[in-house]
Structure formats: C-alpha cells, structure tokens
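Counting from 1, the numbers follow the sequence of the chain as shown.
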Amino acid sequence: MKVNIGNTVVKGVRPDKQSRCAHYHKKEDIIAIQFFCCGDFFCCYKCHEQICDHPPLQWPKDQWNQKAILCGACGYKLTIQEYLKCNYSCPVCKALYNPGCQHHYHLYFQT
C-alpha cells in the first residue's frame, strides 16, 4: 500500500497519513526512510522486507548528506546527518520522533 505525505509517496503495510504502519504505530512513529537500494520511501525496514523482492542496502556514510528521511507530520525531508543530530524531533514542525528507532540505525546507515 502507499500513502502520499506532501509530494512524497511512502510505501508500507497499512500506512497511515503520517507514515505509521502495521509494525510501528506509536504516536512518535512518524518518520519514513528512503532506502538506498531502490530509492523508494518506506515506513520501516519490515515494510521494505514484506513489499520488496530485494535485500535492503545501507546508506554509505559519504552519502549522509542526502535528504532520505521524511517527517510524517509536516513532510519535511531531512538529510541523514540532520536526522541523526535532531534529538528526535523535526527541526521544522518540532514533532517528536521515536527514540527507539536508534536501535535500527545499523539496518539503514553504514557506520
């Protein structure tokens, strides 16, 4: 399934209008990530696993300047660097992000 957030299409399993999905649906679960492997935005890595027919690839550190994180509240796109330094809130609308997402960084970003 898909949802439009601003002008960005986000794929996921039962995504809502702020990028929550069947896997992560707490109030703060409102970011989507563009996957390096395919260029598509997904609600989470589990959605990518269920929808895609290819394995995910991590963002190389030398490309962390790419706007690959989407705020589900306002549609602002953050660079990976900006996201990693934002202290779990959108720099534009101040919506809070789930700090538990840090436990999945190794799935998305090379270290």
For this session: Report the C-alpha separation of Y88 and Q102 in whole Å, then their side-chain angles, then the decisive distance to 0.1 Å, and conclude whether the side chain to side chain donor-acceptor pair (under 3.5 Å) test is met.
Result: CA-CA 9 Å; Y88 312 111; Q102 67 183 312; 3.3 Å; yes
Calculate, to the nearest 0.5 Å, the distance between atoms [atom1] and [atom2] belonging to [X] and [Y] respectively.
{"X": "F41", "Y": "I31", "atom1": "CZ", "atom2": "CD1", "value": "10.5 Å"}
{"X": "C47", "Y": "M1", "atom1": "SG", "atom2": "CE", "value": "10.5 Å"}
{"X": "N98", "Y": "R20", "atom1": "CG", "atom2": "CZ", "value": "10.5 Å"}
{"X": "I80", "Y": "N65", "atom1": "CD1", "atom2": "CG", "value": "8.0 Å"}
{"X": "L78", "Y": "Y83", "atom1": "CG", "atom2": "OH", "value": "9.0 Å"}
{"X": "S19", "Y": "Y24", "atom1": "OG", "atom2": "OH", "value": "13.0 Å"}

For this session: Apply side chain to side chain donor-acceptor pair (under 3.5 Å) to the pair E82 and Y76, showing each step before the final yes or no.
Result: CA-CA 11 Å; E82 190 177 20; Y76 177 71; 3.0 Å; yes
For this session: State yes or no: do L84 and L57 share one hydrophobic cluster built from I, L, V, M, F, W and Y residues joined by side-chain heavy-atom distances below 4.5 Å, directly or via other members?
Result: yes
Exercise. Quick one: do V92 and L70 end up in the same hydrophobic cluster if we chain Ile, Leu, Val, Met, Phe, Trp and Tyr together by side-chain heavy atoms under 4.5 Å apart?
Worked result: no
Problem set entry | Pair H23-Q50, side-chain donor/acceptor within less than 3.5 Å | yes
Exercise. So, do Y97 and C86 sit near enough that their side-chain heavy atoms are less than 4.5 Å apart?
Worked result: yes
Exercise. Do the side chains of C37 and P55 get nearer than 4.5 Å, heavy atoms only?
Worked result: no
Considering all heavy atoms of both residues, which atom of [X] and which atom of [Y] are nearest to each other, and what is their separation?
{"X": "V3", "Y": "K17", "value": "CG2-CA, 3.9 Å"}
{"X": "Q18", "Y": "I5", "value": "C-CD1, 3.9 Å"}
{"X": "I51", "Y": "V13", "value": "CD1-N, 4.3 Å"}
{"X": "H104", "Y": "Y108", "value": "O-CD1, 3.3 Å"}
{"X": "F109", "Y": "W64", "value": "CB-CZ2, 3.5 Å"}
{"X": "P15", "Y": "K2", "value": "CG-C, 4.1 Å"}

For this session: Evaluate the side-chain contact (heavy atoms from CB on, under 4.5 Å) criterion for residues C21 and R14: first the C-alpha distance (whole Å), next the side-chain angles of each, then the deciding distance (0.1 Å), finally the verdict.
Result: CA-CA 5 Å; C21 64; R14 295 190 310 274; over 6 Å; no
Problem set entry | Residue pair L107, Q58: steps toward the side-chain contact (heavy atoms from CB on, under 4.5 Å) verdict | CA-CA 6 Å; L107 299 172; Q58 299 166 313; over 6 Å; no
Problem set entry | Distance flag, aromatic centroids of Y45 and H106, threshold under 6.0 Å | no
Exercise. Hey, mind stepping through K11 and D40 against salt bridge (Lys or Arg N to Asp or Glu O under 4.0 Å) and telling me if it holds?
Worked result: CA-CA 8 Å; K11 297 178 180 181; D40 291 334; 2.9 Å; yes
Exercise. Hey, what's the ring geometry for F35 with H48, parallel, tilted or perpendicular (30° and 60° as the breaks)?
Worked result: parallel
For this session: Determine whether more than 12 heavy atoms belonging to other residues, nucleotides or ligands lie under 6.0 Å from atom NZ of K67.
Result: yes
